[in-house]
Amino acid sequence: MAEWVPIAEVAQHEGEEVTVKGWLYHRTDKGKLKFLMIRDGTGLIQGVMFKKNVPEAAWEAADHLTQESSIIVTGRVRADQRAPGGYELDVSDLEVVHRAELDYPIQPKEHGVGFLLQHRHLWIRSPRQAAILRIRATVKRAICDWLDSHGFVNVDTPILTPAAVEGTTTLFEVDYFGEPAYLTQSGQLYNEATIFALGKVYCFGPTFRAEKSKTRRHLTEFWMVEPEMAYATLEDVMEVTEQMVSHVVRVVLERHRHDLEARLKRNVSRLERVEPPFPRISYDEAVALLHRKGFEDFPWGEDFGAPHETAISEEFEKPVFVYHYPTQCKAFYMEEVPGRPEVCRSVDLLAPEGYGEIVGGGQRAFSLELLERRLEEHNLPREAYEWYLDLRRYGSVPHAGFGLGLERTIAWICGLDHVRETIAFPRMLERMYP
RNA sequence: UCCUCGGUAGCUCAACUGGCAGAGCGCCCGGCUGUUAACCGGGUGGUUGCAGGUUCGAGUCCUGCCCGGGGAGCCA
C-alpha cells in the first residue's frame with residue numbers, strides 16, 4: 001500500500017502515489033467520473049475517480065457512499081488548477097471503513113445556529129469549525145510559550161473554592177461533603193499567594209460564572225490565563241500584556257494565515273498592525289472621548305457597556321488600554337491611585353473592531369489597612385479572607401497582574417461574531433447539550 | 001431578570017385580509033469524463049412547538065405554557 005500521509009502534507013508528494021485516511025465530506029457524480037471531497041482533520045482534498053481507473057468494487061462502493069463515511073483512499077497526487085487547494089488525488093483505489101447512515105444532519109450549506117449547536121458534536125467536523133479549534137490550540141500554546149520563556153511559573157490554582165473571589169456575585173454552587181463550595185471564577189487571589197513563593201506566576205484554566213448573560217461575548221464556562229507578578233506595577237502589566245498579545249497574534253498569523261483568510265474570511269491586515277506599543281488612555285480621557293462621540297450623558301464613575309467599549313476601540317487601530325477606572329466599579333483588591341482614591345490602579349484592554357474587553361487587570365492593594373477597609377465596604381466575610389490578609393502581613397510588595405479571556409481573544413483573532421464557536425463544547429445559558 | 005424576534009418536511013424558508021400546507025436543498029431511482037453547496041428528469045417527505053379558546057372553517061386570531069435566536073445589565 002502507498003504511504004499514508006496527512007492531507008495537509010499531500011502537496012509535498014506531487015507525482016507520488018499516497019493513501020489518505022479520513023471521511024467523505026462531499027461527493028459529486030458525473031457519470032463515469034466522481035469527485036470525492038475527503039477530510040482527515042488536517043485538511044481537505046478532492047479525489048477524482050474515473051470508473052476505468054479503479055477496481056469494480058471500489059467504483060460500486062463509491063457509487064452510493066454517504067456523507068461522513070470513513071474511507072481510505074489511494075491515488076496519485078496531481079497539481080490541478082481546477083482542484084480546490086490546487087492539488088487533487090487521482091484515485092486508484094478506495095476502501096470503505098464504515099458507511100455512515102444516510103441521514104447525516106449537517107450539509108455543506110447554511111444552517112441555523114440553534115440546529116448547529118444541538119449537533120455540536122458533528123458540527124466541529126466542518127472545516128471552518130475545525131480550523132477555529134486548531135487556532136485555539138495555537139493561541140493557548142503561544143500564551144504558555146511566551147510566559148514560560150519570560151520567567152513565569154505555571155501554577156495550578158483550585159477550581160473548587162470556599163468563597164467568592166470577587167464578591168458574592170454569581171457563582172456555581174456545588175455540594176462539598178454537605179458544605180457549600182463554589183466553582184472558581186478566578187485564580188487571582190491564589191496567585192497573589194504564589195508570587196511570594198515563585199516571583200512571577202500564571203494560572204491557566206477554566207473559570208465559571210453563573211451569570212444569566214445572553215450575549216455574543218459570554219459563556220458560563222470559559223478559559224482564562226492569569227499572570228501575576230511580585231514587585232510589579234500597573235505599567236508593568238500593560239507592557240507584559242501588549243508583548244504577550246502581540247506574540248500570540250504573530251504566531252497565529254504565521255501558522256494559520258491560510259485558514260484565517262480562506263476559511264474564516266478574516267481581514268488579516270488588521271491583525272498585522274497588532275505590535276507594541278498599544279495606545280494607553282485613562283478612564284477620564286475615555287469618558288471625554290465618549291462625550292465627543294455622541295454619548296454626551298455618560299456619567300463619570302460608571303463602567304463602560306458594550307456600545308461604549310466599541311466606540312472607544314473604534315478610535316484606534318490596535319487594542320487599546322484604558323487605565324485608572326473609578327474605584328467603585330472595580331474589585332475590592334485594586335490599589336488606589338495616590339492622592340486620588342476615587343480611581344484605582346486598574347486597566348482593561350479593549351480589542352479592536354468592537355470585540356470588547358479581552359483583558360482586565362491592575363495593581364493590587366499593598367497595605368493591610370486598605371484591604372481591611374475594602375472588605376468592609378464590599379460586605380465580604382473577613383474570616384474567609386484571613387489567609388489573603390496574611391499576604392500583607394508578611395513582606396507585602398507592590399504587585400500586579402491580569403486575566404486574559406481566551407475565548408474573546410480567539411473570537412477577535414478569528415473575526416467571529418460569537419465566542420461560542422471558539423470552544424469545542426460551549427456552556428451557555430440555555431444550553432448544556434451536548 | 002428585562003427588552004425583542006422567532007418555532008411550518010431531516011435542513012433553510014414560503015403560505016395575502018382566516019378558505020385545498022408549498023418550494024429549494026437532503027435522501028431514493030435514472031442520465032452525464034471536470035464538479036466546486038454541479039446540472040437535467042422522476043420520486044420520497046407534515047401531530048404547522050404544547051394545551052385550551054373564538055369560528056362553518058385556524059399555520060394564520062385570542063389566552064397560557066414550553067423551547068430557541070439577538071440584545072441589555074454584569075463581566076473576561
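Basis for what follows: all heavy atoms, side chains included, without hydrogens, waters or symmetry-related copies. Reminder, nothing fancy here: chain letters follow the sequence lines and each chain counts from 1. These numbers come from a predicted model, not from an experiment.
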Over 12 non-hydrogen atoms of neighbours within 6.0 angstrom of NZ in A:Lys32: no

Please say whether more than 12 non-hydrogen atoms of neighbouring residues, nucleotides or ligands are located less than 6.0 Å from NE2 in A:His258. no

Counting only side-chain heavy atoms from C-beta out, which of B:A76, B:G34, B:G68 sits nearest to A:Arg431? B:G68

Do we see a donor-acceptor contact under 3.5 Å between the side chains of A:Glu421 and A:Gln129? yes

At less than 3.5 Å, do the side-chain atoms of A:Glu88 and the base atoms of B:G34 form a donor-acceptor pair? yes

Of the candidate nucleotides B:G34, B:U36, B:A76, which contains the atom at the shortest distance from the side chain of A:Pro84? B:U36

What stems show up for RNA chain B when you take Watson-Crick pairs (N1-N3 plus N6-O4 or O6-N4) and G-U wobbles (N1-O2, O6-N3), both under 3.5 Å, and require three or more consecutive pairs? B:1-7 with B:66-72, B:10-13 with B:22-25, B:26-31 with B:39-44, B:49-53 with B:61-65

Just by modelled atom types, is the A:Phe222 backbone N or O under 3.5 Å from a matching donor or acceptor in the A:Thr207 side chain? yes

What are the residues of residues 28-39 of chain A, sorted by number, that bring a heavy atom to within less than 4.0 Å of RNA chain B? A:Thr28, A:Asp29, A:Lys30, A:Gly31, A:Lys32, A:Leu33, A:Phe35

The side chain of A:Glu211 is closest to which nucleotide in this list: B:U35, B:A72, B:C74? B:C74

Between the protein and nucleotides 43-46 of chain B, list the N/O to N/O atom pairs that are separated by less than 3.5 angstrom.
none

With a non-hydrogen cut-off below 4.0 angstrom, is A:Lys51 in contact with a base, only sugar-phosphate, or nothing? nothing

Within residues 345-356 of chain A: residues closer than 4.0 Å to RNA chain B (heavy atoms): none

Does this structure show an ion pair linking A:Glu315 with A:Arg292, if we count only N-O contacts that are shorter than 4.0 Å? no

Expected rows: protein N/O vs nucleotides 1-7 of chain B N/O, under 3.5 Å:
residue: B:U1; atom: OP1; partner: A:Lys212; partner atom: NZ; Å: 3.3
residue: B:U1; atom: O4; partner: A:Lys212; partner atom: O; Å: 2.8

When we call it a touch if two heavy atoms are under 4.0 Å apart, what does A:Gln46 touch: a base, just sugar-phosphate, or nothing? base

Can you confirm whether A:Glu342 is buried at CD, in the sense that more than 12 heavy atoms of other residues, nucleotides or ligands lie under 6.0 Å from that atom? yes

Tell me whether the side-chain N/O atoms of A:Arg216 come closer than 4.0 Å to OP1 or OP2 in B:G71. yes

Whichever of A:Lys330 and A:Thr66 has its nearest RNA chain B nucleotide further upstream toward 5': A:Thr66

Between B:G7 and B:G59, how far apart are the two P atoms, rounded to whole Å? 15 Å

So that I can tick it off, tell me whether A:Lys293 and A:Glu314 are bridged by a salt bridge, with the cut-off set at under 4.0 angstrom between side-chain N and carboxylate O. yes

Under 4.0 Å between any heavy atoms, over every strand shown, what does A:Arg128 touch: base, sugar-phosphate, or nothing? Just pick one. nothing

Under a 4.0 Å N-O cut-off, is there an ion pair linking A:Arg340 with A:Asp284? yes

For A:Thr327 and A:Glu336, run side chain to side chain donor-acceptor pair (under 3.5 Å): C-alpha distance rounded to whole Å, both residues' side-chain angles, the deciding distance at 0.1 Å, then the answer. CA-CA 8 Å; A:Thr327 307; A:Glu336 289 176 349; over 6 Å; no

Taking B:G70 as the reference, what is the distance to B:A14 when you measure between their C1' atoms (whole Å, please)? 23 Å

Output a table of nitrogen or oxygen pairs between the protein and nucleotides 9-15 of chain B separated by less than 3.5 Å.
residue: B:G10; atom: N2; partner: A:Gln107; partner atom: NE2; Å: 2.8
residue: B:C11; atom: O2'; partner: A:His111; partner atom: ND1; Å: 2.6
residue: B:C11; atom: O2; partner: A:Lys109; partner atom: NZ; Å: 2.8
residue: B:U12; atom: OP1; partner: A:Gly112; partner atom: N; Å: 2.9

Carboxylate-amine/guanidinium proximity below 4.0 Å for A:Arg250 and A:Glu275: yes

Under 4.0 angstrom, heavy atoms only, what part of the nucleic acid is A:His418 near: base, sugar-phosphate, or nothing? sugar-phosphate

What's the shortest heavy-atom distance between A:Asp63 and A:Asp29, and which atoms? O-OD2, 3.9 Å

Is A:Glu407 paired with A:Arg217 through a side-chain N to carboxylate O contact shorter than 4.0 Å? no

At under 4.0 Å between heavy atoms, what does A:Val359 touch on the DNA or RNA strands: base, sugar-phosphate, or nothing? sugar-phosphate

Using a distance-only criterion (donor-acceptor N/O pair, under 3.5 Å, no hydrogens), is the base of B:G70 paired with the side chain of A:Arg420? no

Tell me whether the OP1 or OP2 atom of B:A72 has a side-chain N or O from A:Arg217 closer than 4.0 Å. yes

Which atom names give the shortest non-hydrogen contact between A:Asn154 and A:Tyr202, and what distance separates them? ND2-O, 3.0 Å

Nearest to the side chain of A:His64 - B:U33, B:C29, B:U36? B:C29

Pairing of A:Glu68 and A:Arg39 as salt bridge, 4.0 angstrom limit: yes

So what does A:Leu219 touch, heavy atoms closer than 4.0 Å: a base, only the sugar-phosphate, or nothing? base

